[in-house]
Asks: 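For reference, the structure I am asking about is given below.
The chains referred to below are lettered A, B, ... by the order of the sequence lines, with proteins before strands, and numbering in each begins at 1. Just so it is clear, the model here is predicted, and its values are computed rather than measured.
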There are 2 protein chains.
Amino acid sequence: MQQLDVTFTALGDITRRAIIAKLAEGETALSTLAEPFDMSQTAVSKHVRVLSEAGLVFVEKRGRSRHCRLNATPMKEAIEWLTDYETFWNDNFASLARHFDKKKKDIEK
Amino acid sequence: MQQLDVTFTALGDITRRAIIAKLAEGETALSTLAEPFDMSQTAVSKHVRVLSEAGLVFVEKRGRSRHCRLNATPMKEAIEWLTDYETFWNDNFASLARHFDKKKKDIEK
DNA sequence: CTATTACTAAACCAAGTGGTTCAGTAATAG
DNA sequence: CTATTACTGAACCACTTGGTTTAGTAATAG
């Protein structure tokens, strides 16, 4: 499986997107993270595992708890893939400019 | 299932992303679309169905063939969701500006 | 030491996924 | 009319997913 496959698949679940949203506010222990969800901690733990295997979340064992931290970098590739199609939903000057600006940056690398 | 769920799930398959890439070059009949793939036309037809149910592809019956056309608009919501996390992988001024510019536009609506 | 907390592993389950083949329909070519 | 083409539906398969419960381990609190 490609990275984009696992990234998009990981994002294709509302619970996992909610976990990401929560982690954007800061590092959180798994137990705290699981609280608001109407499912077992085991289920949340499995979702975190999917996210961590996708590289979207870093998990660090600390004492008896697991601290989860967001790593958004895999999203970068996802947004870059999507941006290639931006002209298809919004073909105004701004989006074109943004598109070619991105390409320019790629060349400059 | 939410729209973002079906959008991200549909994008989480390399064959479906390849179909999208192909359709970006222009409307294509299903048979033509299926040719390059190492799988049955039935399998490709199923993938197109997933994409069409996600609203990413419009299918139009024309004679005995089905013409597939890309509709990238659902990607807009996906990219907007992802953009909220852009600061987490690239916290420079440009990305922050882009972020708040988007927010401003939301308010102006 | 004991009880509690935080978590994981394993077994299980129903439903979904991504592929197949086979059979059928509808449109077109000859 | 007949053969071919383009496709879909249905049945089937192995595997995955998203949840459960149960049982266990490891760390901490008291």
Asks: Any side-chain to backbone donor/acceptor pair from B:Arg17 onto B:Leu11? Under 3.5 Å, distance only.
Replies: yes
Asks: So what's the dot-bracket for DNA chain C: Watson-Crick or G-U pairs under 3.5 Å, [ ] if a pair crosses, | if it pairs off-strand?
Replies: ||||||||||||||||||||||||||||||
Asks: Summarise how protein sits on nucleotides 22-30 of chain C as a single string, 5' to 3': B when a protein heavy atom is under 4.0 Å from the base, S for sugar-phosphate-only contact, - for no contact.
Replies: -----BBS-
Asks: Do A:Glu35 and A:Ser31 have side-chain atoms, one donor and one acceptor, less than 3.5 Å apart?
Replies: no
Asks: Please give, in whole Å, the distance from C:dT17 P to B:Leu51 CG?
Replies: 13 Å
Asks: What is the distance, to the nearest angstrom, from the CG atom on A:Asp38 to the P atom on D:dG19?
Replies: 10 Å
Asks: A side-chain contact here means heavy atoms from C-beta on lying under 4.5 Å apart; do A:Lys22 and A:Leu33 qualify?
Replies: yes
Asks: May I have the distance from A:Glu35 (atom CD) to C:dA6 (atom C1'), rounded to whole angstrom?
Replies: 12 Å
Asks: Is it true that A:Arg62 and A:Glu27 make a salt bridge, defined as a side-chain N closer than 4.0 Å to a carboxylate O?
Replies: yes
Asks: Between B:Ser45 and D:dC7, is there a side-chain N or O to OP1/OP2 distance below 4.0 Å?
Replies: no
Asks: Where the side chain of B:His47 is concerned, which of D:dC7, C:dG19, C:dA6 is the nearest nucleotide?
Replies: C:dG19
Asks: Starting from P on C:dT8, measure out to CD on A:Glu53 and report it in whole angstrom.
Replies: 12 Å
Asks: For A:Ser65, report the nucleic acid contact type (base, sugar-phosphate, nothing); a contact means any heavy atom under 4.0 Å.
Replies: sugar-phosphate
Asks: State, yes or no, whether a side-chain contact exists between A:Glu60 and A:Cys68 at a heavy-atom distance under 4.5 Å.
Replies: no
Asks: Can you tell me if A:Thr9 uses its side chain to pair, donor with acceptor, with the backbone of A:Asp5 under 3.5 Å?
Replies: yes
Asks: Taking B:Val50's backbone N and O only, do any of them form a donor-acceptor pair with B:Ser52's side chain (distance below 3.5 Å, no angle check)?
Replies: no
Asks: Judged by atom type as modelled, is there a donor-acceptor pair below 3.5 Å linking the side chain of B:Thr7 to the main-chain atoms of B:Gln3?
Replies: yes
Asks: So does B:Thr28 get a backbone contact from the side chain of B:Thr32, meaning a donor-acceptor N/O pair under 3.5 Å?
Replies: no
Asks: On DNA chain D, nearest-nucleotide positions of B:Lys46 versus A:Gln41: which is more 5'?
Replies: B:Lys46
Asks: Kindly state which residues belonging to residues 8-33 of chain B come within less than 4.0 angstrom of DNA chain D, counting heavy atoms of the residue only, listed by number.
Replies: B:Leu30, B:Ser31
Asks: Where is the tightest heavy-atom contact between A:Asn71 and A:Thr73, given as atom of each residue plus distance?
Replies: OD1-OG1, 2.8 Å
Asks: How long is the line joining CZ of A:Arg66 and P of D:dT25, in whole Å?
Replies: 15 Å
Asks: Between D:dC7, C:dT20, C:dA9, which nucleotide has the shortest distance from any of its atoms to the side chain of A:Arg49?
Replies: C:dA9
Asks: For a quick test of reading the model, state the closest non-hydrogen atom pair linking A:Ala54 to A:Pro74 and the distance between them.
Replies: O-CG, 3.8 Å
